[in-house]
Amino acid sequence: MSRIDNLMARMTLAEKLGQLTMTASSYTVTGPVIAGDSTQSIIDGTIGNLLNMVGAGPVHEMQRLAVEKSRLRIPLLIGLDIIHGHRTLFPIPLAEAGVFDENLWERTAREAAREGTADGLAMTFAPMLDVSRDPRWGRTAEGPGEDSWLNARIAQAKVRGFQGNDLSSPEAMAACAKHFVAYGGVTAGREYAAVDISERNLREVYLPGFAAAVHAGVATLMPAFTDLNGVPMTAHIPLLRDWLRGEMGFDGVIVSDYNAIAELIKHGVAADLVDAAVLALKAGVDIDMMADAYRKGLPIALEQGRVTIEEIDASVRRVLRLKEQLGLFDDPYRRGATPEPAAVVARRHALARDVARRAVVMLKNERDTLPLSAAAKALCVIGPLADASTEMKGPWWGAGEHEPAISVLAGLRAALPQTDIRHAPGVAIESDDESGIEAAARLCDGADAVLLCLGERATMSGEAASRATPALPGRQQALAEAVMARAHALGIPVVAILFSGRPLVVPWLSEHADALLAAWFLGVEAGHAIADVVTGQVSPVGRTPMSWPRAVGQVPIFYGQRPSGRPMNPADYFTSKYQDVDNTPLYAFGHGLTYGRFSYDDLQVAPPRVREQDTLKISVSLRNVGAREAEETVFLFVRAKVSRVTRPLLELKGYAKLRLKPGEAGSVDLELRAAELRLLGPDLQPLFETGEVEILVGPSAEQTGLLRQTIELC
Ligand code: GLC
């Protein structure tokens with residue numbers, strides 16, 4: 001008899017429901033929850049999983065209660081949100097998406113897993129795979145940006161990184177694909193609001209990232225808080241049981257979001273906790289995080305005959321199997337057994353600095369304002385985000401709460417010890433107090449350049465942080481206008497650096513700043529990374545993974561829109577447009593400048609006619625006609641010219657990078673399996689259509705910058 005069969009045969013109902021329950025250690029967030037002192041429940045075997053513990057000591061202490069004092073000695077599964085690094089915080093996921101580097105995505109997850117397992121943890125609630133096209137939604141910060149194809153690649157890289165190829169390894173942890181599904185489509189960008197999307201959008205935009213995670217072997221998955229087209233995801237039988245477990249064959253553990261089972265009552269689909277427990281169990285949710293619905297509701301539901309013990313046992317088996325896969329039965333203390341050497345942590349910080357440098361997106365750089373002149377004697381570092389080390393860690397710092405982070409000011413002072421670096425916040429991030437603006441503007445006198453550090457407080461994005469007006473908060477615009485006026489009157493360039501968990505609506509700043517960087521929230525090495533970029537130690541590489549709106553009224557805005565029967569035409573009044581704003585984004589998906597300048601030429605696509613089983617070979621020539629070495633990111637898009645369904649104007653199907661010295665030429669080679677051009681026909685069934693397809697290659701989704709060639713699918 002297997003270990004699991006043996007345990008199943010011996011477990012009481014209370015012990016089984018304990019394995020289906022996860023509680024937070026000692027703090028609560030919403031509703032009547034079971035957190036607090038769980039020690040007796042662990043000893044009684046009526047709590048089998050924990051979250052929000054930090055530190056190998058406390059984790060091992062709880063584990064010892066389960067393994068050495070409980071009747072059946074079943075080890076605890078202990079998880080924590082490791083969203084972009086554990087203690088060593090990397091750039092927020094939205095920033096990291098813009099690095100466009102699958103190896104780096106995997107490496108940061110690998111390093112986060114190493115650091116998290118060194119703290120005794122065996123599970124993280126990541127990667128977050130919620131495509132978002134709405135910067136009002138705060139959780140864009142945690143996600144992959146607007147593109148489904150990119151999301152799928154991030155999913156695979158993160159699952160590989162967290163889980164490695166052996167879940168039982170002391171450095172591996174169970175990943176969790178979340179939040180299933182289409183959470184990024186909340187109504188009006190408002191957090192937790194209802195989601196209404198078409199079946200086509202569901203299958204073409206939102207499901208592929210989760211399919212990729214399942215194919216990569218993700219061990220767990222978390223349904224979203226939200227309802228999708230009227231059915232809350234925590235009770236969504238068609239998507240959780242039929243699509244995920246049925247069609248996709250996912251046999252891992254489904255863990256509810258925090259208190260989400262109980263919130264089925266607030267959704268109005270459950271009359272009480274018993275109803276809620278029945279709905280969630282029937283949908284295949286295995287672990288009840290923080291609602292205590294399973295322990296309180298399922299015994300009653302069982303008596304009422306509304307669930308069977310077999311349904312409960314199926315979930316218990318999945319949880320026990322995950323614990324077995326993680327090696328928790330064989331050695332519950334293997335994770336966190338040995339503290340990490342300082343050299344390992346130092347190397348991790350070096351990686352954090354490298355990823356942060358690569359995540360900075362240079363949106364504008366007029367007259368080569370950047371990199372700063374080496375002859376600069378005096379710099380002004382102005383704005384509320386200049387000396388804001390805590391904000392650099394972004395909205396989900398997790399175990400990094402007490403880790404020091406490098407501010408812009410500290411990074412610049414370290415990089416330029418001989419330079420007179422003057423600093424004034426000017427205003428606070430959100431206050432209406434303008435009294436510091438005049439003094440800040442006066443700092444410009446006699447300076448060589450101004451670095452204007454503006455943007456959001458870290459907790460203005462992330463969970464429960466939607467903004468109806470995703471612009472500069474407080475009186476930062478007034479500060480920007482005063483500093484810009486003074487600096488430009490003195491002939492001094494202004495570099496604006498934006499810190500945010502989302503694209504911001506900043507048309508004035510975009511127009512008036514001489515250079516504009518999107519620095520998102522770059523993690524513990526933020527200041528050093530920004531200094532490396534602005535001083536020219538490295539060229540910026542980052543690209544924006546979300547379109548930047550000119551006005552919030554354009555939202556949702558994304559490059560993959562469908563054409564409309566009356567596409568925008570300035571010569572024709574009756575075409576798709578706004579009267580007051582251009583249709584195009586302020587900055588397109590994939591936009592990002594470097595210190596080089598790249599010309600594209602000689603696009604080659606072969607063969608000209610392709611069958612479904614063929615592979616397209618695509619090459620393009622580049623030359624760096626700029627004055628500095630830099631690395632270019634080249635995107636591959638496709639566009640079906642005629643199809644039986646209206647197709648997006650562009651679809652991302654690949655990217656590649658090429659580093660060239662000034663004057664140097666090179667070529668980029670890409671491959672595309674023709675099978676990837678399959679689409680969902682009018683009946684939403686996969687379809688390989690014959691006919692003409694455009695292959696487009698260029699530096700962003702900005703159409704005017706793309707080289708194109710038509711091929712024939714046959
Ligand atoms: C939160 C989030 C989820 C997170 C979970 C545990 O409310 O929605 O992403 O993993 O609770 O902290």
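Order of listing sets the numbers, starting from 1, for every ligand and every atom in it. All of these numbers come straight from a predicted model, not from anything done at the bench.
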- Query: Judged by non-hydrogen atoms, does Glu142 sit under 4.0 Å from ligand 1?
  - Reply: no
- Task: Report yes if the side chains of Asn49 and Ile78 come closer than 4.5 Å at any heavy-atom pair, otherwise no.
- Result: no
- Message: Out of all atoms in ligand 1, which are within 4.0 Å of some heavy atom of Tyr258? Include the element for each.
- Response: 7 (O), 11 (O)
- Message: With a 4.0 Å cut-off on heavy atoms, is Tyr183 in contact with ligand 1?
- Response: no
- May I ask you to decide if Asn103's main-chain N or O and Asp101's side chain share a donor-acceptor pair within less than 3.5 Å? yes
- Are the side chain of Asp251 and the backbone N or O of Arg245 linked by a donor-acceptor pair below 3.5 Å? no
- Sidechain N-carboxylate O distance under 4.0 Å for Arg87, Asp119: yes
- Taking the six-membered ring for Trp, are His84 and Phe90 ring centroids under 6.0 Å apart? no
- Message: I need the contact type for Tyr192 against ligand 1. Using non-hydrogen atoms and a strict under-4.0 Å cut-off, is it side chain, backbone, both or neither?
- Response: neither
- Task: Closest by any non-hydrogen atom to atom 5 (C) of ligand 1: pick that one out of Ile83, Asn52, Asp257, Thr124.
- Result: Asp257
- Check for a donor-acceptor pair, side chain of Lys393 on one end and backbone N or O of Ala405 on the other, with a separation under 3.5 Å. no
- Below 4.0 angstrom from a heavy atom of Phe225, which ligand 1 atoms are there? Numbered from 1 as shown, please. 7 (O), 8 (O)
- Item | Pair Arg203-Glu199, salt bridge (Lys or Arg N to Asp or Glu O under 4.0 Å): steps then yes or no | CA-CA 6 Å; Arg203 291 183 173 276; Glu199 185 69 16; 2.9 Å; yes
- Message: Please check whether Lys178 reaches ligand 1 - meaning an N/O of the residue sits under 3.5 Å from an N/O of the ligand, judged on distance alone.
- Response: yes
- Item | ligand 1 N/O within reach of Glu463 N/O, cut-off under 3.5 Å | yes
- Message: Taking a cutoff of less than 4.0 Å between a non-hydrogen atom of the residue and any ligand atom, is Arg139 in contact with ligand 1?
- Response: yes
- Does ligand 1 have any atom that is closer than 4.0 Å to a heavy atom of Met222? yes
